[in-house]
Asks: 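Just dropping this structure here.
In what follows, every chain begins at residue 1, and chains take the letters A, B, ... in the order their sequences are listed. Just so it is clear, the values below take in all heavy atoms, side chains as well, and ignore hydrogens, waters and symmetry mates.
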Amino acid sequence: MENPLLEIDKKWQKYWDENKVYQTSNDYTKKKFFGLIEFPYPSGNGLHVGHPRSYTAMDVITRKKRLEGYNVLFPMGWDAFGLPTENYAIKNNIHPKKVTKTNVARFKEQLQMLGFGFDWSREVNTTDQDYFKWTQWIFLQMFEKGLAYKTEMPVNWCLGCRVVLANEEVVNGVCERCSSEVIQKTQSQWMLKITEYADRLISDLDTVDYLPRIKAQQKNWIGKSHGAEIDFKVLDTDTVLNIFTTRPDTIYGATYMVIAPEHALVQEHKEKITNFEEVNDYIQKANRKSALERAEDKEKSGVLLKGLPAINPLTGKEIPIFISDYVLITYGTGAIMAVPAHDQRDYDFAKKFDLPIIEVIEGGDISKEAFTDTNKGILVNSEIINGFSVKEAINKIFEHLEKENIGKKKVQFKLRDWIFSRQRYWGEPIPIVFNEEEGYVAIPEDQLPLVLPDVESFAPKENGDSALAAAVDWVNTTSPKTGAPAKREIDTMPQWAGSCWYYLRYMDPNNKDALASKEALDYWLPIDWYNGGMEHTTLHLLYSRFWHKFLFDIGVVPCSEPYAKRTSHGMILGADGTKMSKSRGNVISPDEIVLKYGADVFRTYEMEMGAFEEAIPWSMDMLNGTSKFIQRVGRLVDKYDAKAADNKNLETIIHKTIKKVGDDIEKLKFNTAVSALRVFVNELSTLESISKNDFEVLLILFSPFAPHLCEELWHQIGNDSTIILADWPIYDETKMVEDTVKLPIQVNGKLRDVLEVKNGISEEEAFELALASEKVQKYANEENIVKKIFVKGKMVSLVVKK
RNA sequence: GCGGGCGUGGCGGAAUUGGUAGACGCGCUAGAUUUAGGAUCUAGUGGGGAGACCCGUGAAGGUUCAAGUCCUUUCGCCCGUACCA
């Protein structure tokens, strides 16, 4: 026999669809709630059970908001440009547009089986020209404001496939697909100046409600640090080696210097370096290592630049310069002064190369390790700053550096500008043309969207150009300014681009004249709640905040932060406790569950399976337990009696449950919310009959989790309209109070008895009852008590002499 | 290396933020019942002990009448990563 829940799913999904129950109103006078989840990348594998965890959570939240009378916007769309689709298209020679269409249809079907309250009339797709027209438009605004520029950047280059690889496509230094060697090659790339927004991206975090660990990750990724840039003369040359340090106070302890293998100094003074061959060899080796490999190498390596020492500007002494890959060309100036006594990395390096270690701050034991505590310690061996604390010494040194004109204060960020080009076909074309005379020229806005040309093959070219290069008629064009011959940009945008502003398009998805109308933006912004994966809380969040701030600066959006609140969920692992993946064969697809158990079981299980923010393995046994629970709720209707009076004995638990479920949903504690509902259902199961009011409270509270069953029962007990139009029940604190409470009695911190006492018992009464207890009397009496503690409503604690 | 997080029964997890550790489930045990169903109902279920009790939140110390929660030290695991000067 078929599971009756499956019929119920179909029946109500059809009803909701036909009656447009979840369609968002455009009445901008209503109180609003915009709940956002990360739109998925429609891969060929279909949805897996991890995706709906976030969707169900936000569906629960927005259903509660609807019941509370909000005008809810809960939309869905497709982040559909991207590598896997392109790779599939290349392999099978199908247009990526077609692949995308198929994948989207599959994803949508799977999502619709789950009964989410999405307003499908607002669906967006980043690959639609009506959508990416505005992605291109935003890029042009950035270009006009000087935030987009072109520069040479190193990229991963596969010698076999002859394509640029993403970091994730490089495994153990070789290409993931063909196992050929991967080298670093420079390539001209479009960049976005996100660094110009670094300070605001940090300081505006104070104005938003993100989980603390999300804020921490944003801050640490941007990585603001205060320090100094100092010039070191290179002996017998006109060159100065400019370094960045956060510890200018330790300069007297700088016994050598290190520059990154890519640093220009090496090539500049090739002739002077007597061991250039050895140096060059090291550079080649470093070149072959990926950034991650460099980071993982614990053993320090490097080569001395023989014949090219520098001068410590404070001590006047000659100090050697090394190249080593523990210094990164991408941070600071790509060069450091090494102070082995007070930096552990420098210490390790100095030990290995047997370099002098000079203590300049007293307080540690530098025979064992570097002393890096900046809060204590006094400067020594440092002529002009001897005797000062670290803090004082830093200020003194700044004065000196500026007076002598050899250095200055500097604020440094870890954050780098964003490489915005991809040498790929399946992305938004960058709307720029180039010729020698005019340089880079923007395509006029009225010519947007610039659509992808048709090509024979979607694969990148031998020289690394994208497949767009083959569309000769498309590439060869004229300058919109002068009409002179020009070539179109053949790079496309990264997948991040479309997802930087998608939330704005949901507000007004069909607007032809703007990315969204001013009225819609004013009404819906900021997003009230954005939930997504922890893996997107650095880059995607940062990039979209950056674009939003830019749009704010040019007057497009009314606020400087897009997301008022951001939370994140944990991963769902396979039953074996490891990450779900095709290769491990532990992937579970939601359809197989839904078609067997019904959507409500799936949804409720995902909400109660564990703590929402933690990773958790899938368990079929637990799922079966949820299934039994849902069936039990369904059977409860047999006890329903329209004529029964409300049960006075249920009052306390009803009000407690209303509070608990409501509070827990707001705190993302779905597991304990369902647990409270189970307690309530356990209680109802013991009754002979259940009144209309009592039953309706249960249905409304449970409906965000199990909307199909609750809708069905709601109608079975005589309601005509959808349950979503009901009101979320209000609890009454005064009705939550129990008549009696349990009062634990401790003696010397050990529990000795638990008394049932009337609620609100006084201190005197409590002590009296405690001492009257036989169990307590074994340990405590009036004579040996030295201290009595009473925590109102909580406990009694007695301290006795030993 | 750096950044973020996590360690509580056989398992998933609770614990009003310093106040009865193990809510609610899964699993298991025993019994009842049946239209043999991934059924239902009843009772039990952290460890030790007949018991009074004792021991228990990764480990070791500490603060406190009272510690899963606060403070030191330490071990292990997961995720991210750009050796961040």
Asks: Counting only side-chain nitrogens and oxygens, does N671(A) get under 4.0 Å of the OP1 or OP2 atom of A14(B)?
Replies: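 Yes, because at least one side-chain N or O of N671(A) sits under 4.0 Å from OP1 or OP2 of A14(B).
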Asks: With a cut-off of less than 4.0 Å, is there a side-chain N or O of R213(A) near OP1 or OP2 of G80(B)?
Replies: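 No, outside the criterion.
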Asks: For the side chain of A611(A), counting heavy atoms from C-beta on, which of A52(B), G13(B), C83(B) is nearest?
Replies: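 For A611(A), the side-chain atoms sit closest to G13(B).
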Asks: For the side chain of I336(A), starting at C-beta, report the closest nucleotide among C41(B), G13(B), A85(B).
Replies: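 Minimum distance to the I336(A) side chain belongs to A85(B).
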Asks: Take the angle between the ring planes of Y326(A) and F349(A) and call it parallel below 30°, perpendicular above 60°, tilted in between.
Replies: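 Because their plane-to-plane angle lies in the 30° to 60° range, the rings of Y326(A) and F349(A) count as tilted.
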Asks: C26(B), G19(B), C53(B): which one has an atom nearest the side-chain heavy atoms of K628(A)?
Replies: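 Of the candidates, C26(B) comes closest.
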Asks: State which of C83(B), G12(B), U20(B) makes the closest approach to the side chain of M622(A).
Replies: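 Selected nucleotide: G12(B).
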Asks: Looking at C2(B), which nucleotide sits across from it as a Watson-Crick or G-U wobble partner, both distances under 3.5 angstrom, or is there none?
Replies: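 With both distances under 3.5 Å, C2(B) matches G80(B).
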Asks: Respond yes when some side-chain nitrogen or oxygen of K215(A) is under 4.0 Å from OP1 or OP2 of G3(B), and no when none is.
Replies: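 Looking at the OP1 and OP2 atoms of G3(B), neither is under 4.0 Å from any side-chain N or O of K215(A).
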Asks: Please tell me which of the listed nucleotides, A23(B), C65(B), C55(B), lies nearest to the side chain of K750(A)?
Replies: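 Closest of the options to the side chain of K750(A): C55(B).
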Asks: Check every atom of U20(B), C41(B), G19(B) against the side chain of K794(A) and return the nucleotide holding the closest atom.
Replies: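 The listed nucleotide nearest to K794(A)'s side chain is G19(B).
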Asks: Taking a pair as Watson-Crick or G-U wobble with both distances under 3.5 Å, which nucleotide is matched to G19(B)?
Replies: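 Per the H-bond distance test, C65(B).
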Asks: With a 4.0 Å cut-off on N to O distance, would you call R213(A) and E613(A) a salt bridge?
Replies: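 Looking at E613(A) together with R213(A), the answer is yes, because their closest N to O distance falls below 4.0 Å.
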Asks: What does C53(B) pair with, Watson-Crick or G-U, if both distances are under 3.5 Å?
Replies: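 Base partner found: G48(B).
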Asks: Can you tell me the base-pairing partner of A36(B)? Count Watson-Crick or G-U wobble geometry only, both distances below 3.5 Å, and say none if there is no partner.
Replies: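 Checking every strand shown, A36(B) finds no partner, since no pair has both distances under 3.5 Å.
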Asks: Please name the nucleotide paired to G12(B) by Watson-Crick or G-U wobble geometry with both distances under 3.5 Å, or report none.
Replies: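 By the stated definition (distances under 3.5 Å), C24(B) pairs with G12(B).
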Asks: Among G12(B), U20(B), C53(B), which nucleotide has an atom closest to any side-chain atom of I616(A)?
Replies: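 The closest nucleotide is G12(B).
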Asks: Heavy atoms from C-beta onward define the side chain here; which of G4(B), C53(B), A23(B) lies closest to that of S675(A)?
Replies: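 Minimum distance to the S675(A) side chain belongs to A23(B).
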Asks: Determine: side-chain N/O of K787(A) to OP1/OP2 of C65(B), distance under 4.0 Å, yes or no.
Replies: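 Yes, because at least one side-chain N or O of K787(A) sits under 4.0 Å from OP1 or OP2 of C65(B).
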Asks: Of all the nucleotides listed (A85(B), C83(B), C55(B)), which has the minimum atom distance to the side chain of V327(A)?
Replies: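 Looking only at side-chain atoms, V327(A) lies closest to A85(B).
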Asks: Identify the nucleotide, in any strand shown, that forms a Watson-Crick or G-U wobble pair with U42(B), with both distances under 3.5 Å; if there is none, say none.
Replies: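 Its partner is A30(B).
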Asks: Going by purine N1 to pyrimidine N3 plus the second Watson-Crick contact, or the G-U wobble pair, all under 3.5 Å, which nucleotide sits opposite U74(B)?
Replies: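 For U74(B), the partner nucleotide comes out as G58(B), under the 3.5 Å rule.
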Asks: Going by an N to O cut-off under 4.0 Å, is there a salt bridge joining D199(A) and K224(A)?
Replies: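 Salt bridge flag = yes for K224(A) with D199(A).
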Asks: Closer than 4.0 Å, any side-chain N/O of K775(A) to the OP1 or OP2 of C53(B)?
Replies: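 No, because none of the side-chain N or O atoms of K775(A) sits under 4.0 Å from OP1 or OP2 of C53(B).
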Asks: As a test of reading the structure: which of A85(B), C65(B), C83(B) is closest to the side chain of Y326(A), going by heavy atoms?
Replies: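 Closest nucleotide among those given: C83(B).
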Asks: Can you confirm whether or not the ring centre of F322(A) sits under 6.0 Å from the ring centre of Y256(A)?
Replies: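 Under 6.0 Å, so yes.
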Asks: For W418(A) and F420(A), take the angle between the two ring planes, folded into 0 to 90°, and tell me which bin it lands in: parallel under 30, tilted 30 to 60, perpendicular over 60.
Replies: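 If you compare the ring of W418(A) with that of F420(A), the planes turn out perpendicular.
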Asks: For G25(B), does either OP1 or OP2 sit under 4.0 Å from a side-chain N or O belonging to N682(A)?
Replies: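 N682(A) to G25(B) OP1/OP2: side-chain N or O found under 4.0 Å.
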Asks: Hey, are R53(A) and E606(A) close enough for a salt bridge, meaning a charged N less than 4.0 Å from a carboxylate O?
Replies: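 No, this pair does not count.
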Asks: Would you kindly check whether a donor in the side chain of K788(A) faces an acceptor in the base of C65(B), or vice versa, at under 3.5 angstrom?
Replies: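 No.
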